[in-house]
Amino acid sequence: MNNYIKEIKAFIIITVFFLLTLLILFLPQIVSPFISLKIFLISFFSYILLIILSYQLAKITKNNIILKINKILFFPIYFFFTFFTFVIPIGMMIIHIFLYFGTSFLIPTIIVLVANLFLDNNTLTQETSIYLRITLSAFIMVIFNYQIRNFVHTISPARFKTSKKLKPYKLDKMSEYLLSEDNIRFIVYSVYVIFLILINLTYFQIGTGFFQEHGKAILQSFVTFIAFDRAINILKNLKFKPSDFLKMIIKSIRNKIEDLENKNS
């Protein structure tokens with residue numbers, strides 16, 4: 001029971017950091033409807049100017065009150081940089097997740113677009129396109145986990161091999177742990193479950209909507225993925241290996257050739 005509580009607490013902490021990181025990343029878009037760019041810039045530069053003036057006054061006068069005011073003014077900057085130190089690993093993992101899923105979705109999207117070009121007037125229906133994109137993306141995420149992870153690490157802004165400032169975070173190991181095949185499989189199943197819940201809720205509540213209109217494509221994609229995942233798991237435990245069977249075929253042919261050569265000699 002204690003282990004479950006420990007994991008739940010850890011999950012809550014990670015979720016809070018995740019949400020706070022997203023808030024910081026999208027802060028300009030959130031604030032922009034309420035504060036104009038002009039007002040923001042004037043306020044920001046006024047704040048910086050006030051800090052500089054208070055720092056100079058504190059340095060010259062060495063007055064305790066001015067020193068305290070200066071510390072109070074510095075607090076938001078200190079808090080931001082301190083919090084930013086904690087945010088970096090979460091932020092980088094968010095970027096890696098987006099890159100991983102983005103790459104996985106990009107390939108099926110290209111396949112569907114190419115298929116539409118070759119089909120001319122017989123273009124794929126919207127349901128077929130959705131089914132193919134979702135299903136192929138799920139397949140690619142699981143089958144090419146290692147390759148996609150390497151690609152993400154190559155284009156990552158973390159610059160694992162060259163960045164000395166980010167090296168202490170050991171972001172490469174963190175990313176490999178987060179984007180492991182089992183974790184990706186769990187995420188895929190979780191997303192499918194969320195889709196199915198939304199499909200059922202929209203059907204029960206309003207009887208229509210995007211999830212209801214395209215629910216069949218998503219449902220069939222989920223069924224296909226379950227069959228695919230089951231086949232992969234069976235294949236891992238299967239004693240039959242195509243490579244071994246191919247070797248047996250080649251060896252069989254060689255034995256026959258050698259037998260014929262011995263008879264002719």
Side-chain angles (χ1 to χ4, degrees), residues 3-4 6-15 17-19 21-22 88-112 129-161 163 166-167 169-199 217-247:
N3 288 333
Y4 284 112
K6 180 183 176 182
E7 296 304 325
I8 290 168
K9 285 180 179 178
F11 178 76
I12 292 170
I13 293 169
I14 292 169
T15 303
F17 271 107
F18 178 82
L19 293 174
T21 304
L22 286 178
I88 284 176
I90 300 293
M92 285 298 174
M93 292 308 103
I94 291 171
I95 292 170
H96 284 194
I97 290 170
F98 276 114
L99 288 173
Y100 191 98
F101 281 83
T103 303
S104 302
F105 276 106
L106 180 63
I107 298 169
T109 300
I110 293 170
I111 292 171
V112 170
S129 296
I130 291 170
Y131 171 79
L132 286 174
R133 288 179 184 181
I134 295 175
T135 307
L136 292 176
S137 297
F139 285 8
I140 289 167
M141 286 179 199
V142 175
I143 296 174
F144 300 106
N145 173 263
Y146 177 76
Q147 289 79 3
I148 298 173
R149 264 193 291 128
N150 283 347
F151 176 72
V152 168
H153 292 172
T154 302
I155 64 173
S156 169
R159 294 175 290 119
F160 297 138
K161 294 181 180 179
S163 179
L166 297 177
K167 192 173 182 180
Y169 286 107
K170 295 183 179 179
L171 295 172
D172 51 345
K173 292 183 179 179
M174 195 185 303
S175 181
E176 286 179 3
Y177 180 76
L178 178 66
L179 300 176
S180 66
E181 186 180 329
D182 288 337
N183 287 348
I184 292 297
R185 183 180 278 107
F186 172 76
I187 292 171
V188 170
Y189 272 109
S190 300
V191 171
Y192 271 125
V193 170
I194 292 168
F195 275 160
L196 293 177
I197 291 170
L198 291 173
I199 289 167
I218 298 171
L219 178 61
Q220 293 304 315
S221 175
F222 184 42
V223 172
T224 306
F225 180 76
I226 291 173
F228 160 79
D229 191 51
R230 182 62 180 164
I232 291 294
N233 287 330
I234 292 172
L235 184 63
K236 287 180 179 178
N237 299 321
L238 200 64
K239 292 181 179 180
F240 174 82
K241 292 182 180 179
S243 58
D244 291 339
F245 187 60
L246 179 61
K247 288 178 182 178

Problem set entry | Nearest-0.5 Å distance that lies between atom CD1 in Ile134 and atom CD1 in Ile218 | 4.5 Å

Exercise. Closest approach of Val112 and Arg133, non-hydrogen atoms and distance?
Worked result: CG2-CG, 3.8 Å

For this session: List the atom of Ser221, the atom of Tyr192, and the distance in Å for their closest heavy-atom pair.
Result: OG-OH, 2.6 Å

For this session: Please lay out, stage by stage, how Ile97 and Ile187 fare under the test side-chain contact (heavy atoms from CB on, under 4.5 Å).
Result: CA-CA 11 Å; Ile97 290 170; Ile187 292 171; 5.9 Å; no

Exercise. Can a donor-acceptor pair be found between the side chains of Asp229 and Tyr189 at a distance below 3.5 Å?
Worked result: yes

Problem set entry | Nearest-0.5 Å distance that lies between atom OH in Tyr131 and atom CG in Leu136 | 8.5 Å

Exercise. Name the one of Ile140, Ile107, Leu99 that satisfies side-chain contact (heavy atoms from CB on, under 4.5 Å) with Ile148?
Worked result: Ile140

Exercise. Side-chain contact, heavy-atom cut-off 4.5 Å: Val188 with Phe225?
Worked result: yes

Exercise. Under the side-chain contact (heavy atoms from CB on, under 4.5 Å) criterion, do Arg149 and Phe144 qualify, and how do the steps go?
Worked result: CA-CA 8 Å; Arg149 264 193 291 128; Phe144 300 106; over 6 Å; no

Exercise. Do Leu179 and Asn183 come close enough that some side-chain heavy atom pair is under 4.5 Å?
Worked result: no

For this session: For Ile143, check side-chain contact (heavy atoms from CB on, under 4.5 Å) against everything at least two apart and list the hits.
Result: Phe139, Phe228

For this session: Using the side-chain contact (heavy atoms from CB on, under 4.5 Å) rule, take Ile111 and Leu132 through it: C-alpha gap first, then chi angles, then the decisive distance, then the call.
Result: CA-CA 9 Å; Ile111 292 171; Leu132 286 174; over 6 Å; no

Exercise. Could you walk me through whether His96 and Leu178 pass the side-chain contact (heavy atoms from CB on, under 4.5 Å) check?
Worked result: CA-CA 9 Å; His96 284 194; Leu178 178 66; 5.8 Å; no

For this session: Quick one: closest heavy-atom pair of Phe101 and Met141, and the distance?
Result: CD2-CE, 3.2 Å

Problem set entry | Approximate separation, where rounding is to 0.5 Å, of Tyr146 OH and Asn150 CG | 4.5 Å

Seminar exercise, completed: Scanning both residues in full, the closest heavy-atom pair of Ser137 with Ser104 reads OG-O, 3.4 Å

Exercise. Do the side chains of Tyr100 and Ile184 get nearer than 4.5 Å, heavy atoms only?
Worked result: yes

